[in-house]
Amino acid sequence: MAGLKELKNRRKTIISTKKVTSAMKMIATSKLKKSQDNMIKARPYSARIKSLTHMLIFSDGNYASEFFVKRPGNRTLYILISSDKGLCGGFNSNIIKTFKSLAETSSEEMKIISIGNRISSFLEKNGFDVYSEYRNAFHQFNFSLAVRIGSEIISLYNNNEVDRVVLVYNRFQSAISQIVVKETILPIELEEHSEDYDTGPLKFETEPGVDKIFNAIFPRYINFLVWRGLLESYASENAARMTTMDSATDNSTDMIDMLTLQINKERQAKITQEISEIVGGSSAK
Amino acid sequence: MSNIFFELVTPEGILFSGEIEYMKAPGVEGEFGIYPNHVPFFTLLKEGIIEFKPFQQNYYEYFFLSNGVFEFNENKMTILAEEAFSGRIIDKSDEKKAEKEIIAQIEKTGSEMKLEAKLRRVQLRIRTRELTEKTDRQ
């Protein structure tokens with residue numbers, strides 16, 4: 001059985017661990033709130049750019065853009081989004097697991113862009129070839145990050161180096177549930193039902209011509225999809241960290257209770273022993 | 001007199017939403033002005049400054065845009081911009097400092113397209129701020 005001193009030390013360690021985990025939980029909670037706000041703020045833009053893209057596509061049935069014609073090849077660009085920091089439960093391991101099974105089973109010719117320290121380190125350690133990586137991506141990130149990633153994607157796609165672009169990230173469902181999704185962002189998949197969108201010929205005077213506008217808007221649509229992925233992933237990360245740290249705090253509370261009980265028992269036993277020694281000693285006289 | 005309902009939408013939120021009387025914007029094919037009852041119009045905006053007059057106010061608002069998609073239909077106007085800053089939130093001393101740094105770098109390493117573009121952007125932001133200060137004084 002462990003000595004009294006050892007038990008007390010252990011309890012002290014766990015008490016300080018608990019302080020750390022509960023502080024981390026509170027930080028994650030406030031960051032989650034902020035990242036959820038950011039997701040809400042992105043919604044009007046999301047709705048507009050979507051309806052705009054669809055309006056342009058449906059207004060001119062003859063127009064065939066590179067951006068939504070399926071290519072026959074199997075060269076796929078994967079954009080993997082993880083977090084920069086750990087201690088967020090299964091958040092990063094889920095991404096890694098998804099990627100591992102992709103790498104093992106698919107016959108695609110893969111190109112990878114990694115975002116976040118965790119996935120970048122994993123890929124480096126396991127000798128995967130990474131086209132480009134973004135470390136410390138989530139430290140004060142803003143839309144320009146999405147633009148940087150987006151323009152890389154567009155140039156790869158336009159130079160005909162990849163046939164398909166897939167975004168892999170944790171989608172935020174609720175504070176306690178996040179799922180890994182594989183979203184094909186290029187070629188653009190059109191929504192079949194076009195009722196929500198104007199489909200007739202454009203009612204607008206346009207300047208420059210429609211095809212120029214097409215080519216300017218699609219990259220922005222891609223930038224936006226990347227941005228949405230980043231926001232979803234960041235919110236998921238904070239949610240995962242919050243729940244993980246919450247259960248860690250609960251666990252340390254349990255452990256502190258258990259150790260306190262054990263310490264008390266130990267102390268009691270020591271006192272009893274001392275008393276019986278005194279009694280034994282005096283009766284032996 | 002009718003007005004234009006204008007919304008400036010960016011991925012980081014709606015930056016302006018309200019009635020305005022007039023707008024000037026930097027189109028890719030040249031600067032243009034919009035008054036109420038303009039014909040439906042659709043165009044792209046290049047990097048630059050938009051200027052508009054809120055309804056029944058006697059001041060102008062200025063925003064710096066990195067680029068934009070401009071849509072006008074039945075007195076409803078939307079600009080989708082990837083990046084936009086109001087002249088009211090731009091910090092002039094920060095931008096001036098950035099301007100100096102870029103100029104120093106251009107002198108050191110010679111002129112590059114990328115640096116020139118950066119410089120232009122900073123100077124546009126300073127201009128946005130100055131225009132805002134001017135309209136506030138009047």
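Every value quoted in this text rests on a predicted model; they were computed, and no experiment measured them. Side chains included, hydrogens not; waters and symmetry mates left out as well; all remaining heavy atoms used. Lettering of chains follows the sequences in order, A, B, ..., and the numbering in each one begins at 1.
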Practice item. Select one option (side chain, backbone, both, neither) describing which atoms of A:Asp37 are under 4.5 Å from chain B's heavy atoms. Key: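 Interface part for A:Asp37: neither.
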Point to revise | Proximal component of A:Ile217, with respect to chain B [non-hydrogen, under 4.5 Å] | key: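 For A:Ile217, the contact with chain B is made by the side chain alone.
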Practice item. Check step by step if side chain to side chain contact (heavy atoms under 4.5 Å, CB included) holds for A:Arg220 and B:Asn67. Key: CA-CA 10 Å; A:Arg220 284 176 205 173; B:Asn67 58 39; 3.8 Å; yes
Review point. Under the 3.5 angstrom rule, does the side chain of B:Glu12 hit a backbone N or O of A:Phe143 as a donor-acceptor pair?
Key: yes
Is the number of heavy atoms from other residues, nucleotides or ligands under 6.0 Å of [X] [atom1] greater than 12?
{"X": "B:Arg127", "atom1": "CZ", "value": "no"}
{"X": "A:Asn159", "atom1": "CG", "value": "yes"}
{"X": "B:Glu116", "atom1": "CD", "value": "yes"}
{"X": "B:Lys118", "atom1": "NZ", "value": "no"}

With only heavy atoms counted, which part of [X] is less than 4.5 Å from chain A, the side chain, the backbone, both or neither?
{"X": "B:Thr78", "answer": "side chain"}
{"X": "B:Val69", "answer": "both"}
{"X": "B:Phe70", "answer": "neither"}

Practice item. Drop me the distance from B:Ile14's CD1 to A:Arg43's CZ, to the nearest 0.5 angstrom. Key: 12.5 Å
Exercise for review: Would you mind checking if B:Glu71 and A:Arg48 are paired as a salt bridge, meaning a charged N to carboxylate O distance below 4.0 Å?
Suggested key: no
Review point. Residue by residue, which of residues 79-93 of chain B have a heavy atom closer than 4.5 Å to a heavy atom belonging to chain A?
Key: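 Residues in range: B:Leu80, B:Ala81, B:Glu82.
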